Structures are given as structure tokens and as C-alpha cells.
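Working notes for the structure below.
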Amino acid sequence: MTLLHITGARPNFPKAAPVIAALARMGVRQRLVHTGQHYDDRMSEVFFRELDLPRPDINLGVGSGSHAQQTAAILVGLEEEMLTTRPEMVVVYGDVNSTLAAAVAASKLGIPIAHVEAGLRSFDMSMPEEINRIVTDRLSDLLLCTSPDAIAHLAREGVDPERIHLVGNPMIDTLLANLDRLDPERMQARLQLPDTYIVATLHRPGNVDDPETAGELVALLHSAASRADIVLPLHPRGRAVLEALGLDDHPRVHVVEPLGYLDFMSLVRGAQAVITDSGGVQEETTMLGIPCLTLRPNTERPITITHGTNRLATPATLLSLLDDALSGDVDVERRPPLWDGHAGERIANIVLDELRGRDGR
Ligand code: UD1
Ligand code: UDP
């Protein structure tokens, strides 16, 4: 019996690590595919060095391209892989193009699919991730959810409740497992930051692709930097546009390369506030109790608002929300249910039960 895990982009790695580790402890035979969607050392390899992740058995090396080019290349590569290795089940993570392609390839071959982080919805079809989420969920046999709202969305879409499970959040398993390895002071010294600083990340197409929108955000970040130093570990997607717009032409804006997991989380842990459009960072800041201002009109992770430190910000509201965050004016009374460091084990148990059930049928 072999399980096939599909990863490819940065957010996949911290989600897959605890699931693969829990299944390995149960003695399940597993294969790990890296599609090659992300390929820079700092977007990919560093996570394999730092996290409890085995080396991929194969890297399809698809690289970058348009959505059609990238998704199609992954689809072709994964079909060949699945035909050769004939896994009993495919496990897919999150909402990236590698996730979508894996779900399509597996379902056409009649291989059952487990989707980790199922049911999230932004209800914004201009986001490529929303399309990936809807298609992947529709094709999946096991829908493994990080929050109760995800269960409600799937139920409304008519998914059989027996296939839906609230499992907690494997991204948070990884954070909790590495908490002792985080060292904010080391990062502060390395980047020569004062005690009060902000971390910012930006990579959503809606924020960084169009120079006019990106220009507005650069001006906003410069205003924010008058309140506190800002460190931006910049995703490669928007780098050229943001730098051409003069993002680092401000003495208190520090643009750095994307960071490895431990450096990044160390930096976040020591920050007074975070400005972001990332999905994972909304969850990690909620867990660490650090105010998070999400520069997006919506979020597929509303639990980070109702049970965490996240607030949606627009260019018009960001600076006043930032002032609240810097003055310590953000209340958090609750944490999301089951974000306790054991999601990987729950997922492993459910996957194993499903495989045994299918075997016995
Ligand atoms: C992808 C995901 C997005 C996720 C993000 C996490 C899709 C549709 N989008 O967006 O949901 O939030 O990853 O980081 O799957 N590039 C490099 N080096 C790399 C990888 C990318 O330079 O190692 C550059 C290339 O110019 C590429 C661009 O980044 O064209 C975008 O990469 P891509 O994988 O297409 O999408 P992301 O924006 O990274
Ligand atoms: N991350 C990292 N270094 C960075 C930025 C992010 O290690 O410089 C980690 C962090 O754990 C984050 C995850 O990568 O949650 C995924 O980040 P990204 O914003 O790329 O993806 P998203 O969650 O938006 O899909």
C-alpha cells in the first residue's frame, strides 16, 4: 500500500511535514512528489533542510509559466507518476496549481484523493486559489478541514458529511513543533532592527502584478515605515515591480530575500505587527498572538479574525489599524479549535481508516 503526497509550492511544505511524519510513525509506505512549481533554494530546498520532511522521491521540475502552461505540465508529469507507482491514495495540500493538477490527474485515474485544508472559501473568483479550492474539493474523497466554517461551506455544496473531518491545522503543528527553535533576537541583530519593527509580505497577484495598485501599496508602506521599521522578505513574484516603484527607497524599509522557515518565523515572533496578503501568515500570527493586518478585500480564513489577531485592511484603513496594533490595542480571547499541534496525527488516522475500509470492501 503506497500513499502519494503532492507538494510543489512554499506553503505546501510546512503543511505536508507533520502529515508525512505521522504516517511514517504508523509504518505507512509513502512517496513524496515535488512538482517543481517553486524552485529557488529559498522557496523550496530550505524547507527540506529545516523541517522534518523526507527528500522528494521525484521532482517534476515544471517551473514557472502561465496558469495553463504550469498546470498542464504538472498534470502530464503526475499522470505518468501515478500510472507508474499506482498509489492507493493521493494526498494534496492547500490551493496552489500543484494541488489542482494533482486532483485532476488522480480523479481521472480513479485514485482516491485526500485534501488537506479543504473547504476554505474567499468567494472571490478573481483569485486563482479559489478556483483551485473549489475544483479540488469537488474531486476529493476525504475533505480534511482546518476550521468549522470550511465544514459549513462543504455541507452547503452538498458534500456527504461522512467525508468531511475537522482535523485542526497542520501548518500550526509545524509552528508549535519549531517554537523552541525560533530566535527573534538573532534575527533582530542580523538585520540591525530596533526593538519595535513590523514584518510585511506581499505576493498576491491582486496586489503586486498591476504597477498602479502596487504603487499605492509602496506609498502606504512608506507611510507605515514612519511609525516603525518594516522588514519585507520579498516573494519573487512582485519583486521587479515593487523595486522599480522604489519600495526600498526609504531608510526604515528593509527589503530582504525570502527567508527560510526558521528565520521567517523568528522574525514574525519578534514583530509588533505584521502586514501581509499571505494565507499561512494570517494563521501563524493568530497562533503567536501577533496583530496581523491583511491587505485584501476578503479572507478564506475568517477564523483568524473571529478567533485570532487578523484584521482585513484596505489602503484607507491600514494606517489607523496599524496604530492600534502598535499601541497593543488588539484583543484575542480565543484560539481556533484543534489548532493544538496534533492535526498531522488526526489526518494520518483518518487516511489510514479510509484505506483499510477500501481494502476491506
Ligand atoms: C503560488 C500560488 C499561491 C501561493 C504562493 C505561495 C498558484 C496559482 N499560486 O503563487 O496560491 O500563495 O505560490 O508562495 O499556485 N518565482 C521564482 N522562483 C520560484 C518560484 C516562483 O522566481 O522559486 C517567480 C516566477 O517569476 C513566477 C512567479 O514567481 O512566474 C510566480 O510563481 P507561481 O508559482 O506561478 O505563483 P506564485 O505567485 O508563487
Ligand atoms: N514563509 C517563509 N519565509 C518567507 C515567507 C513565508 O518561510 O519569507 C513561510 C510561512 O510559514 C508562510 C508559508 O511560508 O506561512 C507560506 O507562505 P506564502 O505567503 O508564500 O503562501 P500562502 O500561505 O499565501 O499561500
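Note that this is a predicted model, so its numbers are computed, not measured. Just follow the structure's listing: the first ligand is 1, and inside any ligand the first atom is 1.
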So which protein heavy atom does [atom] come closest to, and at what separation?
atom	answer
atom 8 (C) of ligand 1	N97 OD1, 3.2 Å
atom 11 (O) of ligand 2	E284 OE2, 2.6 Å
atom 2 (C) of ligand 1	V96 CG1, 3.7 Å
atom 27 (C) of ligand 1	S64 OG, 3.3 Å
atom 31 (C) of ligand 1	R237 NH1, 3.6 Å
atom 24 (C) of ligand 1	P236 CB, 3.9 Å
atom 18 (N) of ligand 1	D40 OD2, 2.9 Å
atom 25 (O) of ligand 2	P11 CG, 3.4 Å
atom 32 (O) of ligand 1	H38 NE2, 4.3 Å
atom 8 (O) of ligand 2	L259 N, 3.0 Å
atom 3 (C) of ligand 1	E129 OE2, 3.2 Å

| task | For residues H34 and F13, establish whether the separation of their ring centroids is below 6.0 Å. | result |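 Yes, close enough.
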
Proximal atoms of ligand 2 relative to [X] (non-hydrogen, under 4.0 Å):
X	value
F47	2 (C), 7 (O)
V281	15 (O)
P258	8 (O)

| request: Measure the CG-CG distance between D209 and N207 for me, rounded to the nearest 0.5 Å. | output: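 The CG atom of D209 sits 9.5 Å away from the CG atom of N207.
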
Please confirm whether [X] comes under 4.0 Å of ligand 2, counting heavy atoms of the residue only.
X	value
M171	yes
R204	yes
T201	no
G94	no

| request: Decide yes or no for E130 and M125: does some side-chain heavy atom of the first lie under 4.5 Å from some side-chain heavy atom of the second? | output: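 They are in side-chain contact.
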
| Mind checking whether R227 and D323 have side chains closer than 4.5 Å, heavy atoms only? |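 Of all side-chain heavy-atom pairs linking D323 with R227, at least one is under 4.5 Å.
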
If you take the nearest heavy atom of each of [options], which one is closest to [atom]?
atom	options	result
atom 35 (O) of ligand 1	R133, Q70, H203	Q70
atom 19 (O) of ligand 2	G280, A9, S278	S278
atom 6 (C) of ligand 1	P205, S66, P11	P11

Do [X] and [Y] have side-chain atoms, one donor and one acceptor, less than 3.5 Å apart?
X	Y	result
N310	T304	yes
T136	T99	no
T2	R29	yes

Does any N or O atom in [X] lie less than 3.5 angstrom from one in ligand 2, N or O only?
X	result
G279	yes
D95	no
R10	yes

| Location of contacts on F264 toward ligand 2, heavy atoms closer than 4.0 Å |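 Near ligand 2, F264 shows its side chain, while the N, CA, C and O stay back.
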
| query | For ligand 2, which part of R42 has a heavy atom less than 4.0 Å away: the side chain, the backbone, both, or neither? | reply |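 It is neither part, as no heavy atom is under 4.0 Å.
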
| query | H67: heavy atom below 4.0 Å from ligand 1, yes or no? | reply |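 H67 counts as a contact of ligand 1 under the 4.0 Å cut-off.
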
| query | Does even one non-hydrogen atom of R204 get within less than 4.0 Å of ligand 1? | reply |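 For ligand 1, residue contact (heavy atoms, under 4.0 Å) with R204 is present.
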
| said: Is there a path of hydrophobic side-chain contacts, each under 4.5 Å between heavy atoms, that joins I151 and I350? | reply: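 Hydrophobic grouping puts I151 apart from I350.
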
| With N97, which of H67, Q37, Q69 fulfils side chain to side chain donor-acceptor pair (under 3.5 Å)? |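 Only one option passes, and that is H67.
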
| query | Judged by atom type as modelled, is there a donor-acceptor pair below 3.5 Å linking the side chain of D137 to the main-chain atoms of G119? | reply |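 A pair under 3.5 Å: yes.
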
| task | Kindly indicate, with the supporting measurements, whether the criterion side-chain hydrogen bond (donor to acceptor under 3.5 Å, both in side chains) is fulfilled by H5 and Y93. | result | CA-CA 8 Å; H5 300 268; Y93 298 86; 2.8 Å; yes

| Would one find an N or O of H235, backbone or side chain, under 3.5 Å from an N or O of ligand 1? |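 In this structure, H235 places an N or O atom under 3.5 Å from an N or O of ligand 1.
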
